[in-house]
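This report refers to the structure that appears directly beneath it.
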Amino acid sequence: MVRASINVPELTLEHLRSKLKVSSKIWPQIQDNVADFKRFIETNASPTLDYDMVSVPKDVLQVNNGNEDDPNKDVVVCALTLGAEAHKYFESLSETLAILYDQVLNVYFYEIVNNAKKHLESEVSSSLSDVRDFARSKAALIYQRNFLDRIDDEAIRMTDSGYLLPNKSMVFYVTYGGNGSIKACEYCDEADCLHRRNDCVGLSVVHEKGVNVHAVEKGSNLLQALFNKGYYVPSDCGGKGTCGTCQVSITSSNVEKVRSCGYTIIDDLCVEGVAPREATNVSVQGSNKLFDGVQKETVNKETFYTFFGQRLSKTTHGQGNQLVFGVDLGTTTVSVQMWKATGEHLSGKRFLNPQSLAGADVVSRIQYGSDEKNYAKLRRLILDELQNQMVQMAKVEGYSSTSVLLTVLAGNTLMQHIVLGWPIQTMGKAPYEAYALHESLQSAESLGLSIGGKVFVYPSISAFVGGDVVAGLSNLLPLPSHTLFIDLGTNGEIALVKNDTIYATSTAAGPAFEGGNIECGLGGVDGAVYDVKRQDGKYVMRYYGQTPQGFCGSGLLSLLAAMLDDGVVDESGRLLKHERDDSNKRFYMDDHLYLSQNDIREIQLAKAAIRGGVHALLNHAEMSMEDIQDVYVTGAFGAGVSVHALLKTGVLDKAFQPKIHVVDGMPMKGIERLLTSKNPKAMLEQIMKNAQHIPLHRNSVFMDKYVDSMALKIQRGETDDHENR
């Protein structure tokens with residue numbers, strides 16, 4: 001038997017309110033009580049988990065593990081309690097408060113159960129099913145008692161009637177390994193339990209690291225179910241059934257490929273071809289510079305941290321250990337960096353934006369989020385993922401989430417609006433205006449984040465030129481004249497500096513530069529191929545992690561450039577040779593990864609949009625390509641795309657060749673620059689007062705150059721500089 005302590009989750013009042021389903025009329029009357037009890041739980045509750053791996057008769061657990069001759073099933077049997085303190089607190093309460101606090105405890109308890117499962121996944125196995133109660137039957141009570149008898153402790157006891165004490169205790173089991181289907185939910189008579197539903201079926205998911213088995217409600221949509229259980233399934237059209245990117249393999253007697261967005265789960269199901277979202281993190285580097293922007297201020301013998309002219313918090317006993325986060329929030333990929341408030345870099349992560357469920361591009365997200373319920377869901381998806389990743393990063397370094405002092409966030413205008421809870425409907429229709437463009441500095445809790453401190457969100461230039469561009473430009477201050485800044489992403493953003501003016505625009509490049517709308521596409525995360533070269537007659541891939549799973553933007557462009565060099569694709573974009581006899585016109589790199597004819601067309605559309613935007617800005621500023629002195633290219637495309645690939649595929653003109661600087665993650669570098677500035681407010685004002693937005697939706701130069709730029713070719717000559725970066 002093993003004993004472990006489980007962390008009490010740090011929940012926000014907003015989270016508790018949503019889980020308790022309290023109306024806005026009643027909430028003000030009970031908010032203070034809930035807040036007081038919340039503080040009591042987070043201070044006094046001490047959940048403990050006892051567990052052991054045992055064999056239990058199958059007829060007790062109702063598990064079919066695929067071997068009818070095996071009378072037992074190996075499971076992890078667990079006992080979990082919040083502890084005696086939470087139970088004693090109820091002894092002197094009125095009936096009304098006792099009911100309210102019991103509901104609050106329920107929310108905490110099931111969050112703690114989830115934390116216990118995460119502990120088991122890390123300590124016992126990476127392939128665990130969902131948590132399951134023992135069914136309420138005579139046999140199940142016997143096994144609960146047998147297990148409790150094995151525990152040499154009185155933390156939990158069972159009454160003669162089968163009731164567990166202290167209050168909020170639970171005995172449950174999880175299966176591990178194998179590919180069996182859980183049937184327990186069908187036999188459970190407690191339909192109100194958050195972990196059990198009467199009408200459930202088993203969903204087995206086979207992936208690179210093993211097999212996970214989940215119970216899902218019969219009649220669930222497969223795409224939604226996979227997403228809810230933590231798997232990454234691309235859905236470029238937002239589940240409308242028009243793109244085909246959400247295709248998965250269903251295995252039974254044979255393998256059938258289906259679009260998960262249109263598939264309804266009616267019986268036990270086994271799915272292949274998806275990856276857990278948590279497996280897509282890769283480390284990225286940050287700098288160690290003094291954060292002059294986060295200053296200390298002493299007033300009446302009390303010391304405060306300040307940023308952007310506002311107080312953040314009082315210093316504590318552990319002063320100097322407060323954390324600062326930087327977030328580059330992209331449509332497809334999110335990067336997070338963590339520092340101490342002094343500027344010492346601690347760690348970094350890059351992961352996929354979970355909002356991909358609602359579509360790959362900005363327009364799809366706006367359409368999806370125009371419905372109030374969908375908007376709330378879209379917002380919760382990114383807030384929960386950000387909080388989860390940041391809390392994990394803090395804990396790895398030995399800090400609690402309450403140690404967070406400041407989070408600085410930059411993203412496109414839509415992403416920033418969603419985080420702030422601002423309306424987005426006006427961005428989806430003419431004249432395409434944002435709700436607001438100013439910066440924001442407010443408490444994390446007011447945004448629905450339980451990470452402590454305050455959150456600073458960058459100002460935007462227009463509805464489609466966001467804080468990520470402002471952050472990227474701030475890294476170049478003082479801005480040199482005749483400079484071109486290009487952010488290759490789903491919402492391609494371009495800025496041209498001429499003298500003291502910044503001309504900025506955006507173009508709907510589509511998600512190809514971030515691996516979206518590509519049949520074997522992936523963001524710049526674990527498993528992504530970020531570079532392809534032709535060596536000794538073979539194509540050699542470089543990728544993050546242990547196994548290549550898809551192409552990110554830099555991998556796509558480098559592969560297409562190599563194919564152009566090799567004569568596999570002509571300048572019109574037509575695939576001339578197939579690595580195999582394949583009627584679908586695909587060029588295979590291995591048994592699973594390939595580039596299709598449709599993928600090539602997606603890249604052509606994306607690069608044509610960028611070239612059209614560049615020409616439109618040059619025309620507006622009355623400049624030529626030869627006038628440009630420096631071209632900065634950034635984006636969430638992977639480990640930096642090569643200059644050769646940008647030129648060979650025609651993303652950039654040959655005239656720019658000696659002037660191109662590829663900078664991975666330039667918005668994050670701008671965030672660092674802002675934090676190190678002694679006057680961050682003046683720094684941003686210098687950009688915002690000189691910025692002009694140039695719309696393209698009626699720009700004739702953009703339309704002409706967009707059409708002219710479809711071909712794949714280097715403009716104005718060729719280059720053999722394959723290694724220039």
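Side-chain N or O atoms of Thr413 include one that pairs as donor or acceptor with a backbone N or O of Ser462 at under 3.5 Å. Formation of a donor-acceptor pair under 3.5 Å by the Asp627 side chain with backbone atoms of Ser624 is found in this model. Side-chain atoms of Thr483 do not come within 3.5 Å of backbone N or O of Asp630 as any donor-acceptor pair. Using a distance-only test at 3.5 Å, with no hydrogens or angles considered, a donor-acceptor pair links the side chain of Arg611 to the main chain of Gly650. Of the possible polar contacts, one joining the Arg534 side chain to the Gly537 backbone as a donor-acceptor pair under 3.5 Å is found. Of the possible polar contacts, one joining the Arg379 side chain to the Ile418 backbone as a donor-acceptor pair under 3.5 Å is found. Between the side chain of Thr507 and the backbone N or O of Ala509, no donor-acceptor pair lies under 3.5 Å.
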Run the numbers on Phe485 and Thr634 for side-chain contact (heavy atoms from CB on, under 4.5 Å), then give the verdict. CA-CA 8 Å; Phe485 174 91; Thr634 190; 3.8 Å; yes
Determine, stepwise, if the pair Tyr706 / Leu605 fulfils side-chain contact (heavy atoms from CB on, under 4.5 Å). CA-CA 8 Å; Tyr706 177 80; Leu605 291 171; 3.4 Å; yes
After noting the C-alpha distance and the side-chain angles of Phe351 and Val336, does the key distance pass the side-chain contact (heavy atoms from CB on, under 4.5 Å) rule? CA-CA 9 Å; Phe351 51 91; Val336 179; 3.7 Å; yes
Does Leu222 form a side-chain contact (heavy atoms from CB on, under 4.5 Å) with Val233? I'd like the steps, not just the answer. CA-CA 10 Å; Leu222 179 56; Val233 184; over 6 Å; no
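Side-chain contact, Asn475 with Tyr632: no donor N or O sits under 3.5 Å from an acceptor N or O.
Partner of Thr649 under the side chain to side chain contact (heavy atoms under 4.5 Å, CB included) criterion, out of Leu557, Val641, Leu556: Leu557 alone.
Once rounded to the nearest 0.5 Å, the distance linking CG of Asp487 with CD of Glu493 reads 5.5 Å. Annotation: the span from Met668 atom CE to Gln337 atom CD amounts to 5.0 Å, rounded to 0.5 Å. Taken from CD1 in Ile694 to CG in Asn699, the straight-line distance is 9.0 Å, to the nearest 0.5 Å.
Between Leu618 and Ile628 there is a side-chain heavy-atom pair separated by less than 4.5 Å.
In terms of the side chain to side chain contact (heavy atoms under 4.5 Å, CB included) criterion, residue partners of Gln692 (sequence neighbours excluded) are, by chain and number, Thr501, Tyr503.
In this pair, Tyr594 and Tyr588 present their aromatic rings tilted. The plane angle is within the 30 to 60° band.
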